[in-house]
Amino acid sequence: MSRFKDGAHTDVLVIGGGIIGLGLAWRTAQRGLRVTVVDPAHGGGAAQVAAGMLAPVTELQYGEEPLLRLGIASNTRYADFCAELTELTGLDTGYRATGTLAVALDADDKAELSELHAFHQRLGLDSQWLTGREARRLEPMLAPGIRAGLHVADDHQVDGRRLSTALVRACELAGVGLLRAEAVELLVEGDRARGVRLGTGTGVPPVEGWGTLTADQLVLAAGSRSHLLPGLPADLIPAIRPVKGQILRLRIPQPYAPFLSRNVRAVVRGGHLYMVPRADGELVIGATSEEQGYDTTVTAGGVYELLRDAHELVPGITELPLVETSAGLRPGSPDNAPLLGPTALPGLAVATGHYRNGVLLTPVTADLLAEYLATGAVPALATPFSPSRFRVLETSS
Ligand code: GLY
């Protein structure tokens, strides 16, 4: 820690050490730049809660085709991204090419699933329509009443916790400075972002020589708190809204016969329910979607709804031990798409607002930001996600 002296300077300073910040720090260090990531707890954040479903096709929403392209670009990179992490660190990321089965529980769900299938076909996406019987043949634990299914062979999964640990280690090995402190103010000099003032943060021990840290380029990657950094010019980025997700972790006792072989999801009473079975026997069930500020309380109602809906889908889950309940905050932008690249303030880029897709979009965000930071050019894939798209809307209205 002693190398972080007050007034220290680096090439790139990343504010936020969740998987988005760590991923782009790692890739940027691989391009030969000196990188520091400031966070009170590197590897924390929403990825510690997320189920880790990599589902650009089954989570597709109407009108979000640019996001679909970004999601597919990231999904396509995932296997290599994880293989490289494992080769470098010796750590498993829990990446599993399982595919995903979306199912319909009643006639309304079936109509909605059929619309999604038609949308996939119009976009040339690979998804296969199944009868209820065919869906149950793939996943025998599904409820007998399942009406139909949609099999998407390329929507996979990763373990967000293992991924976070591997990214912390990869950053260390690549020489990224992981500074355990809180950025309490953005320092702007003239017309340019110059650095941050550091605080110790709650529960963070004082760092010898902490005070300020300056950099040629800064990246704000602080999830749902990104817009709250003191010193950030007003209206530079829009407010990022926290969208709470409660999630359950069950354990399939070992030795176990496969309980589910792939991700299973459904729309139940308008909410998205999914189950992600991991290779180590963990079964993750998510997630609620609640907009009520920065609250991460796990509620009886949230747990009840998840268990009720999951039980309708896979009745056998009630036999499994419930080992953990948790809640995290998805960082939602006004259009639910991420903000990637330079802002109107020279020296400051952002990588935030990933909403439901933070885990999925980690590899592509890392590559796009590293490319921008190393070359100064914004890659074409990132241009629809420019942070200034909101400023254009505001000034033209
Ligand atoms: N991508 C799943 C969720 O946000 O709940």
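Being a predicted model, the structure only gives us computed values, none of them experimental. Counting starts at 1 for both ligands and their atoms, following the listed order. Atom set for the values below is all heavy atoms of this structure, side chains included, hydrogens, waters and symmetry mates excluded.
- Sorted pairs that involve residues 101-124 and meet salt bridge (charged side-chain N to carboxylate O under 4.0 Å, His left out), not counting sequence neighbours, are lacking altogether.
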Please produce the table of protein N or O atoms sitting under 3.5 Å from N or O atoms belonging to ligand 1, one pair a line, distance to 0.1 Å.
unit_1: ligand 1; atom_1: 1 (N); unit_2: Glu59; atom_2: OE1; d: 3.3
unit_1: ligand 1; atom_1: 1 (N); unit_2: Glu59; atom_2: OE2; d: 3.2
unit_1: ligand 1; atom_1: 1 (N); unit_2: Arg356; atom_2: O; d: 2.7
unit_1: ligand 1; atom_1: 4 (O); unit_2: Arg330; atom_2: NE; d: 2.7
unit_1: ligand 1; atom_1: 5 (O); unit_2: Tyr274; atom_2: OH; d: 2.5
unit_1: ligand 1; atom_1: 5 (O); unit_2: Arg330; atom_2: NE; d: 3.4
unit_1: ligand 1; atom_1: 5 (O); unit_2: Arg330; atom_2: NH2; d: 2.8
unit_1: ligand 1; atom_1: 5 (O); unit_2: Arg356; atom_2: NH2; d: 3.3

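- Among residue pairs with one or both ends in residues 128-173, those qualifying as ring pair (Phe, Tyr, Trp, His ring centres under 6.0 Å) are His117-Trp129; sequence neighbours excluded.
- One finds the CG atom of Leu70 at 11.0 Å from the CG atom of Asn75 (value rounded to the nearest 0.5 Å).
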For a side-chain hydrogen bond (donor to acceptor under 3.5 Å, both in side chains) check, start with the C-alpha distance between Thr297 and Thr299, then their side-chain angles and the critical distance, and finish with the verdict.
CA-CA 6 Å; Thr297 312; Thr299 63; over 6 Å; no

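- Atom CD of Gln121 sits about 10.5 Å away from atom CG of Leu116, to the nearest 0.5 Å.
- Identified under the ring pair (Phe, Tyr, Trp, His ring centres under 6.0 Å) test for residues 11-47, with sequence neighbours left out: Trp26-Phe81.
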